[in-house]
Amino acid sequence: MNKTNTGKSFRAAYLINRYLQGNITAPETEELETWLNSSEQNRQLFEDLRSAEAVEAQLQQFKNTDSEEGWQRLQHKINRRNNSQQAKKNWQIWWRSVAALLVLSIIAWQVLNYVVKKTEDKVILTSQYGDDVLPGTKRAELILSNGTTVALDNNTDSSFTENGSAVQRKANGAIIYSNRLVSNEAAWNTIRIPNGGEYMVVLEDGTKVWLNAASSLRYPVRFSGNERRVELMGGEAYFEIAKNKEKPFIVVAATMEIQAVGTAFNVNSYANADGFTTTTLTNGLVKINALGKTTPLLPGEQMSANHLVVQVAKADTGLTTAWKNGLFMFKNTDLQAVMEQLARWYDLELVYAPGFKKRKFFTGEIKRQVQLSKILQMMEMTGIARFTVSGNKVTILSYND
């Protein structure tokens, strides 16, 4: 392991130790949060360390060593060597420092061991269903105007330039464009989210776009002209539009074109049998052009359109935007649609057992950051189906089989 990894790992261990001992400072808490948010694996390790019986036992042992009785025994030995108050004080400081260092060493060893395992071996998880699968993470591919592909993950450089615009990657995973550097040349980027990923991009005008797994967005590096136009090339995105009455924001998504000024809405354009694209408005006002007709949409309303039909209805905005808020939320949702969401987030291959009746419905809510087995267990408890997991392949069986 290189010195950089060792230094970072020991620093992480130090912060975790301070947290466990209950004496972490506010700046250290912020630093620890940054480390935790840099990857789901870091957060999982932290949870394991926080609840691990071995670490708790070691901590308790050191606390016991520092108890009055233990200290009295040690002090008796010290007195035989030197009866001065200064010597007692020095030995007390030394002993507590050693105890703290031992605790830190235990945690540091586990962090270092975890880093080695993560980089050298593929972690295999098991569950009552066979294998288990970790949730998705913040990752994407950014395709620059010159065709270069930049991997947006935890190892991405913090900043670079693209066609005269400054681009910065924040610790929380967001990629942010700035118009501080001006270029007259039109240039477009594409951000592509794989299965098992999600990402947030802040466009040059300040508009925020959250992208769900298996989604792709094409957009200009710098908006010019009298409109701001982007293309959702597939998948799902939540838009918080920066207000600019002089330049309406337009999202082109399959069967519809959505026009907004300063508002927030969700667009779902995943491929499905009906070919519907659905826009749900959470606040503000949008105008949607579909099948040659322009329709205004009010907050709490939802429009679905394919090449034949346009439908407007009331919407459950909390349900629609749950993914953006870190939740799986289902309300009498078709089982096949539930499994498709899980497949995108956990990067799964789905196999239905012969004779399985897919037309079933599920209601439930759970965080997206749990391992797959937690969701399958919740679903199985309702009697809707049984599951087996082999690698990333999930087989769905009738509950009574």
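Panel note: side chain T382, backbone M378; no donor-acceptor pair is recorded below 3.5 Å. A distance-only check finds no donor-acceptor pair linking the side chain of N189 to the backbone of L144 [under 3.5 Å]. Side-chain N or O atoms of T137 include none that pairs as donor or acceptor with a backbone N or O of G197 at under 3.5 Å. Side-chain atoms of N268 come within 3.5 Å of backbone N or O of Y270 as a donor-acceptor pair. Although no hydrogens or angles enter the test, the distance criterion places a donor-acceptor pair under 3.5 Å between the side chain of T363 and the main chain of N332. Proximity of a side-chain donor or acceptor of T263 to a complementary backbone N or O of A260 within less than 3.5 Å is not detected. Using modelled atom types, no side-chain atom of Q259 and backbone atom of V286 make a donor-acceptor pair closer than 3.5 Å. Side-chain N or O atoms of N400 include none that pairs as donor or acceptor with a backbone N or O of S398 at under 3.5 Å. In terms of modelled atom types and a separation under 3.5 Å, the side chain of D274 and the main chain of F276 share no donor-acceptor contact. N392 places a side-chain N or O within donor-acceptor distance of the main-chain N or O of D347, the cut-off being under 3.5 Å.
Both the sub-6.0 Å distance and the 45° axial angle are satisfied by R368 relative to the ring of F328.
Contact between Y346 and V370 at its shortest, heavy atoms only, is OH-O, 2.7 Å. Shown here for L281 and L298, the closest heavy-atom pair between the two residues is CD2-C, 3.3 Å. Nearest approach of A264 to Y238, heavy atoms of both residues: CB-OH, 3.3 Å. In plain terms, the two heavy atoms of K208 and V202 that are nearest each other are CG-CG2, 4.1 Å. Between G391 and D131, the shortest heavy-atom contact is N-OD2, 2.6 Å.
Residues M329 and W323 have side chains not in contact (no heavy-atom distance under 4.5 Å, counting atoms from C-beta outward). Using a 4.5 Å cut-off on side-chain heavy atoms (C-beta onward), Q371 and L134 make contact. Contact of the F361 side chain with the T333 side chain is not registered, since no non-hydrogen atoms from C-beta on lie closer than 4.5 Å. Taking the side chain as every heavy atom from C-beta outward, V338 and M379 approach each other to under 4.5 Å. For the pair L348 and V133, the minimum side-chain heavy-atom distance is below 4.5 Å. Side-chain atoms of Y129 and T395, non-hydrogen and from C-beta on, never get closer than 4.5 Å to each other. L376 is listed as a side-chain neighbour of F387, based on a closest heavy-atom distance under 4.5 Å. At a threshold of 4.5 Å between non-hydrogen side-chain atoms, the residues R222 and E204 count as touching.
More than 12 heavy atoms of other residues, nucleotides or ligands lie within 6.0 Å of NZ in K360, so this atom counts as buried by the packing criterion. At most 12 non-hydrogen atoms from other residues, nucleotides or ligands lie less than 6.0 angstrom from CZ of R192. The local environment of NZ in K247 is crowded, with over 12 non-hydrogen atoms from other residues, nucleotides or ligands closer than 6.0 Å.
A donor atom on one side chain and an acceptor atom on the other are found under 3.5 Å apart for S373 and D132. With hydrogens and angles left out, the side-chain atoms of T207 and D205 include a donor and acceptor closer than 3.5 Å. Defined by atom type and a distance below 3.5 Å, a donor-acceptor pair is present between the side-chain atoms of T25 and E28. Side-chain N/O atoms of T278 and S304 include a donor and acceptor closer than 3.5 Å. With no hydrogens or angles considered, a side-chain donor-acceptor pair links N289 and T294 at under 3.5 Å.
A side chain to side chain contact (heavy atoms under 4.5 Å, CB included) with P194 is found for exactly one of R344, R139, E141, namely R139.
A salt bridge does not link E236 to K324: none of the charged nitrogens lies less than 4.0 Å from a carboxylate oxygen. Of the charged side-chain nitrogens involved, at least one lies within less than 4.0 Å of a carboxylate oxygen, so that E231 and R218 count as a salt-bridged pair.
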Under the ring-ring contact (aromatic ring centres under 6.0 Å, His included) criterion, do Y177 and Y219 qualify, and how do the steps go?
CA-CA 11 Å; Y177 287 78; Y219 55 93; 5.5 Å; yes

Does the side-chain contact (heavy atoms from CB on, under 4.5 Å) test come out yes or no for V267 and T277, once each step is laid out?
CA-CA 7 Å; V267 183; T277 294; 4.1 Å; yes

